[in-house]
Amino acid sequence: MSLLAQEEAKLAVKEAADIVEVIGQHVSLKRTGGSYSGLCPFHGEKTPSFSVHPQKQFFHCFGCGESGDVFSFVMKYHHLDFPEALQMLAKQYQIDLPERQLTKEEQARLELRELLYAVNELAADSYSDTLQDGRLGLPARQYLQQRQVPLEAVAQYRLGFAPHPGAVGWDFLLRALATKYTHETLEKAGLAALSNKGSYYDRFRSRILFPLQDMSGRVAAFGGRIIGEGMPKYMNSPETIIFDKSRLLFGLHPHRETIRAKKQAIVVEGNFDLLLLAVHGVKNVVAPLGTALTRQHLHALRGYCEEVVLLFDADAAGLKAAMRSIPFFLAEKIYGRVALLPKGHDPDSYVREQGAAAVEELVQSAEPLAEFALAHLIKLHGQTLDGKAKIVEELRPLLQEAQDPTQRELMVAHFCEKLGLSSASFGRQAAVRPRNANNGPQSAMPRHLAGLRSLSGQEKQLFDFVLFYPEHIGVLLEAGLIEVVSNQTIKRLLGLMEGQSLAGGLQPEHLLSADLDKGERDYVLSRLMEEHAMPNDEQTELAQDLLNRLLAWVGWKKGRFELERLQLDIEEAERAGDKVRVLELVTLKASKRATGVETSWLAEP
């Protein structure tokens, strides 16, 4: 797709996609004057600070700072990149998109992704059919019955079974898919492995299999629980081009709407823990895949809920897992609590024995992460002088991860009160987080932000005109506007708007869909947010007069630049001793100055 075609497609979709309608499908919006407000879906809040502006077609949250246009919202809310968001909205509003010519590498990668998804889908069907097979699936069905997994859950989660190699051989799946896919393809999908002897064999054997869906709902990998003796008890697909275990959470796709409605996600450690909780009605639950909870997992959950509760075993491994995740909660600014199960129980056994109400009660009484961490460390080290010193040392890195200064100060105050210490015990570094990633001194203002915040009054007027009256940008650019503007940031923005204007129908808010850095985006938003800045009917009537003044100013500036160049030429001719050339240039300069008198009276806007 050419740049022009891409801009045309973006504008066509943006014109059709009503931002209030799109966001309103996921956020309860209430009209307040000329805009709409609601609870921000990107951070936890109780008082609405999320604003949607239909006239300007953008959103902004005064709480967390998230902002953008309809594409930005769809990308962040659904965890999509821009092409995927564009395709999603185009499909929703029935707009045909022109195809972009992919590079060979892009085409190969896309084809491989689609191939692996297709292989996994067929494998999921094969495993499911095997589970239902009267003879081959009997051991798995008996195990599921023993674990009290009903048939409805088996169907909903598409559970399957890879038989024991003693019954079907080591290449059962390889043979089943041989008519459609090569052994090499199954290896790339993580479904087969290559032996030292050079022969392929099934990776999953004698295991109940859980198809693992990504956020598009497609099968990205599998998780398997062994039946009978053998190790490891749980095994997942190896990572592939479509499966990253540090990002994917089992259950997030099927449970996402429940999590969103409850504004809470419960994290458990095992697939069967999740399955049995869901069977008993606790469906706002997710589970990591063979790895500890990561920051990327929490980042994914932030788009769906306000808090995350860790429901872990009370053994040493559960305590360690909970403690290890605390820095990620603080770094992602998501509220977290910990609920430890009674000793001897895991979520599976507890919900089967005590019921869903007991689980809900346990979750309700979960301890905030900070208090849990302190209580655990006190129990571990005691409150002797030496013990308190160890506690402080372990709490310091946690405090450093807290992104919110108020939260950090409250945590320090709470820890000091419980330990009987002063805030000085944690050091100034814990109380005041460095303001940049390198923990070094921060400059007064980032370069890209300074480029816009430090605009002169004349430059601001110029930028406001082309932002709010983009229909006139073509004639201004043709007159040489970019040539006479000295601010490099404005030059870049004018170039972006020129590209957008070629597609037609350019509106002020369309600049937000361009490739802006954070400082540029924030500045454009600040201008759009000022109600008086948006042109009304009366102001629009004056636009032609303003345009004429700007065109005159551009001509005057170009003339002034030409006079300066002529002066340099005169000085060079004088140094060369070329009197004839000097006379010609002086005469030309005088004539230029005379023709520029009519416009030079204009004050620079």
Side-chain angles (χ1 to χ4, degrees), residues 1-42 48-62 64-100 215-217 253 256-257 260 303-304 467-468 470-471 473 493 496-497 499-516 520-522 524-525 527-529 531 534-535:
M1 190 191 310
S2 67
L3 289 177
L4 178 58
Q6 185 180 36
E7 287 299 330
E8 289 176 339
K10 284 168 60 177
L11 292 178
V13 172
K14 197 166 186 177
E15 287 294 331
D18 178 7
I19 195 169
V20 175
E21 179 182 28
V22 172
I23 296 179
Q25 294 169 356
H26 311 288
V27 179
S28 178
L29 297 174
K30 181 180 179 182
R31 191 177 186 94
T32 52
S35 61
Y36 292 79
S37 62
L39 295 176
C40 179
F42 304 125
S49 62
F50 184 79
S51 181
V52 183
H53 300 260
Q55 180 187 2
K56 308 168 191 177
Q57 287 290 298
F58 75 91
F59 71 90
H60 180 73
C61 177
F62 295 94
C64 66
E66 288 292 342
S67 58
D69 58 8
V70 67
F71 295 117
S72 305
F73 179 86
V74 171
M75 288 166 64
K76 184 168 181 61
Y77 190 83
H78 295 286
H79 307 279
L80 304 175
D81 58 23
F82 178 77
E84 290 171 331
L86 180 63
Q87 288 179 358
M88 179 178 175
L89 288 171
K91 184 177 180 181
Q92 181 177 342
Y93 288 93
Q94 299 179 341
I95 295 174
D96 294 328
L97 294 178
E99 294 293 330
R100 177 176 75 86
M215 294 313 295
S216 69
H253 181 265
R256 66 192 186 284
E257 294 306 327
R260 188 173 281 145
Y304 298 95
L467 177 66
F468 295 120
E471 65 271 23
I473 192 173
L493 293 176
L496 291 172
M497 295 178 74
Q500 292 180 325
S501 70
L502 293 175
L506 181 62
Q507 296 296 319
E509 66 277 1
H510 287 174
L511 186 55
L512 291 172
S513 64
D515 182 23
L516 306 180
E520 293 166 344
R521 183 177 296 276
D522 288 348
V524 172
L525 274 169
R527 303 305 300 137
L528 293 175
M529 290 289 288
E531 295 291 338
M534 288 297 288

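Residues: numbered from 1 along the sequence shown.
The structure places OG of S51 at 9.5 Å from CG of L29, a figure rounded to the nearest 0.5 Å. Here the straight-line distance linking atom OH of Y77 with atom CD of Q25 works out to 9.5 Å at 0.5 Å rounding. Taking CZ from F59 and CD from E66, the interatomic distance works out to 6.5 Å, rounded to the nearest 0.5 Å. The line from CZ of F62 to OG of S49 is 8.5 Å long, rounded to the nearest 0.5 Å. Residue S37 holds its OG atom at 13.5 Å from NE2 of H60, rounded to the nearest 0.5 Å. Rounding to the nearest 0.5 Å gives a distance of 11.5 Å between CE of M88 and OG of S216.
Checking Y93 against E21 by side-chain atom types alone, a donor-acceptor pair falls below 3.5 Å.
Closest non-hydrogen pair, V13 versus A90, comes out as CG2-CB, 4.0 Å. The two residues A17 and V22 make their nearest non-hydrogen contact at CB-CG2, 4.4 Å.
The backbone N or O of I19 sits less than 3.5 Å from a side-chain atom of Q57, completing a donor-acceptor pair.
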Check: Can you list the steps and then say if F73 with V52 is a side-chain contact (heavy atoms from CB on, under 4.5 Å)?
Finding: CA-CA 11 Å; F73 179 86; V52 183; over 6 Å; no
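The shortest distance between side-chain heavy atoms of H253 and R256 falls below 4.5 Å. The shortest side-chain heavy-atom distance between F58 and S72 does not fall under the 4.5 Å cut-off. Between Y36 and V27 the shortest side-chain heavy-atom distance does not fall below 4.5 Å.
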